[in-house]
2 protein chains.
Amino acid sequence: MAGDKKISMAVIRRLPRYFRYLYDLIRLDIRRISSKELSERMDITASQIRQDLNCFGGFGQQGYGYNVQSLYDEIGRILGVERRFSCALFGAGNMGNALANYENFQNRGFDITVIFDSAADKVGTAIHGIPVLHVDGMESFLKSKHVDIAILTVPNRAMPDITARVVKAGVKGIWNFSPTDLKLGEGIVVENVHLSDSLMVLGYRLMEQLREDAARRK
Amino acid sequence: MAGDKKISMAVIRRLPRYFRYLYDLIRLDIRRISSKELSERMDITASQIRQDLNCFGGFGQQGYGYNVQSLYDEIGRILGVERRFSCALFGAGNMGNALANYENFQNRGFDITVIFDSAADKVGTAIHGIPVLHVDGMESFLKSKHVDIAILTVPNRAMPDITARVVKAGVKGIWNFSPTDLKLGEGIVVENVHLSDSLMVLGYRLMEQLREDAARRK
DNA sequence: ATCATTTTGTGATTTTTTTGTCAAAACGAA
DNA sequence: TTCGTTTTGACAAAAAAATCACAAAATGAT
């Protein structure tokens with residue numbers, strides 16, 4: 001049952017997907033589901049589903065399956081959706097703007113409380129009601145207000161400086177949108193969103209696919 | 001040597017990262033590098049680097065290491081950076097705007113040639129010089145102009161319709177920014193960017209880290 | 001209440017991925 | 001050239017992840 005040996009990252013990264021599918025089921029008013037049926041919807045094996053869920057405890061019932069609502073609640077609890085994190089957004093450029101305006105994050109428990117930038121025409125304004133402050137003032141801000149997560153959408157060249165200062169100020173989580181890989185000490189959690197890497201992989205796979213299509217059509 | 005047995009996705013997903021590091025080395029005017037030194041910079045094992053690179057052929061030289069420039073060129077060639085893809089962006093919201101304005105994608109060979117939206121106040125305008133057309137006209141547009149990739153940043157509810165139409169129009173690659181998982185037939189390449197999944201994983205890992213910190217401090 | 005059916009949880013097995021190891025190749029100093 | 005050093009490429013071993021397979025539990029129809 002609820003064994004407490006280290007859960008692998010592969011499993012963790014699948015949890016949000018389960019969470020989304022379960023939410024869909026709730027909206028469809030489906031009350032129970034077997035690993036088999038879920039596996040068909042999600043296009044993974046039933047065995048994997050059972051194994052994944054069992055990392056956290058026996059949520060299912062033999063001969064019945066899983067109760068959708070309570071499984072949803074359990075996964076939500078594991079992912080900590082009820083918890084709230086205070087976030088500071090660095091960089092009010094294109095991506096920064098998009099993130100600041102994206103309400104879903106607030107709904108998911110991530111509150112962007114402040115935006116830092118260095119452009120004179122942005123400092124003093126507000127985006128989606130969130131004040132934009134000059135990045136020079138980050139230390140004093142972070143000293144008075146607790147911030148859990150720094151969301152980094154600053155240009156590459158600014159990354160080393162900003163990162164070092166953010167970490168020094170005690171921020172423990174980083175959501176990184178720059179292509180830079182952050183090499184940070186123990187105790188800092190970094191989650192990267194490398195859009196250009198993703199795009200390059202898409203390009204590679206698409207080329208491969210087109211090559212395959214051409215070969216078949218030959 | 002250049003064996004042609006299927007390259008695993010795990011390897012492919014690491015290539016853009018090698019590519020970035022090699023570019024950094026070029027800018028630092030470093031001409032040659034051993035797997036050992038690269039492994040220290042990238043924080044992976046030298047063995048993995050050698051194994052990864054050998055999937056595509058013997059780029060290195062014993063006693064010398066790898067020539068940075070030619071390795072960079074090789075990986076670029078594998079990733080197809082010289083190829084150009086024509087892209088259509090669907091959704092001129094926050095994320096759509098950010099992507100349309102992000103010049104790096106154009107530089108990487110992905111040309112956004114058109115933007116589709118359904119909002120009356122957006123249709124007819126241009127974003128970053130790219131015309132915004134009404135989504136109703138996508139079929140006729142896609143019939144006359146070839147489009148390789150659809151970039152989807154439309155609301156969830158619009159996804160099923162847009163996806164079906166895009167695929168029907170012959171688009172072969174999809175860069176998906178919606179939380180929806182696309183279940184499409186063979187021959188369509190989908191690359192997902194699930195921002196909220198990434199954020200949830202960050203939240204989970206951060207919670208875990210904070211718990212650990214607390215335990216140590218106890 | 002009985003029993004055939006469903007379906008989980010779990011240990012075993014297989015597959016995939018990563019890491020370790022070393023002979024052979026190339027280097028570069030003397 | 002010669003020889004000790006460096007470093008790859010390839011293979012072997014280990015670790016991690018996914019899948020299989022089945023006993024045991026619960027269901028639900030009769």
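First the proteins, then the strands, lettered A, B, ... as listed; each starts at 1. Fair warning: this is a prediction, and the values are worked out from it, not measured in the lab.
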Subject >> Rounded distance (Å) that lies between atom C1' of dT7(D) and atom CG of Leu53(B) >> reply: 13 Å
**OP:** Any chance you could measure Met95(B), atom CE, to Asn101(A), atom CG, to the nearest 0.5 Å?
**Re:** 10.5 Å
Subject >> CG on Asp197(B) to CZ on Arg14(A), rounded to 0.5 Å >> reply: 13.0 Å
Subject >> Between dA16(D) (P) and Asp52(A) (CG): distance, integer Å >> reply: 17 Å
Original post:
Want to settle it: does Ser34(A) or Met9(B) sit nearer the 5' end of DNA chain C, counting the closest nucleotide to each?
Top reply: Ser34(A)
**OP:** Check DNA chain C against residues 36-51 of chain A and give the residues with a non-hydrogen atom under 4.0 Å, in numerical order.
**Re:** Arg50(A), Gln51(A)
Original post:
Ion pair present between Arg77(B) and Glu82(B), side-chain N to carboxylate O less than 4.0 angstrom?
Top reply: no
Subject >> Any residue meeting side-chain contact (heavy atoms from CB on, under 4.5 Å) with Met42(B), in chain and number order, not counting sequence neighbours >> reply: Arg17(B), Tyr18(B), Tyr21(B), Leu38(B), Ile44(B)
Original post:
Can you check whether Asn54(A) has a side-chain N or O nearer than 4.0 Å to OP1 or OP2 of dT8(C)?
Top reply: no
Subject >> Ser8(B) side chain, from C-beta outward: closest of dT17(C), dA17(D), dT8(C) >> reply: dT17(C)
Subject >> Pairs involving residues 97-118 of chain A, ordered by first then second residue, that meet salt bridge (charged side-chain N to carboxylate O under 4.0 Å, His left out) (sequence neighbours left out) >> reply: Arg84(A)-Asp111(A)
**OP:** Give the rounded distance in Å between these two atoms: CD1 of Ile7(B) and P of dT17(C).
**Re:** 11 Å
**OP:** Measure the shortest side-chain to side-chain distance between Leu195(A) and Leu199(A) over non-hydrogen atoms and say whether it is less than 4.5 angstrom.
**Re:** no
Subject >> dT8(C) phosphate, OP1 or OP2, under 4.0 Å from Ser35(A) side-chain N/O >> reply: yes
Subject >> side-chain contact (heavy atoms from CB on, under 4.5 Å) partners of Ser39(B), counting only residues at least two apart >> reply: Ala46(B), Ile49(B)
**OP:** Treat primed atoms plus P, OP1 and OP2 as sugar-phosphate and everything else as base, then score nucleotides 24-30 of chain D 5' to 3': B for base contact with protein heavy atoms under 4.0 Å, S for sugar-phosphate contact only, - for none.
**Re:** BBBSS--
Subject >> By side-chain contact (heavy atoms from CB on, under 4.5 Å) - contacts of Asn104(A) (at least two apart) >> reply: Tyr102(A), Asn107(A)
**OP:** Could you walk me through whether Phe141(B) and Val147(B) pass the side-chain contact (heavy atoms from CB on, under 4.5 Å) test, one step at a time?
**Re:** CA-CA 9 Å; Phe141(B) 182 96; Val147(B) 165; 4.2 Å; yes
Original post:
Which whole-number value in Å describes the distance from Arg13(B) CZ to dT17(C) P?
Top reply: 12 Å
Subject >> Interatomic distance, Phe59(A) CZ vs dT8(C) P [rounded to whole Å] >> reply: 14 Å
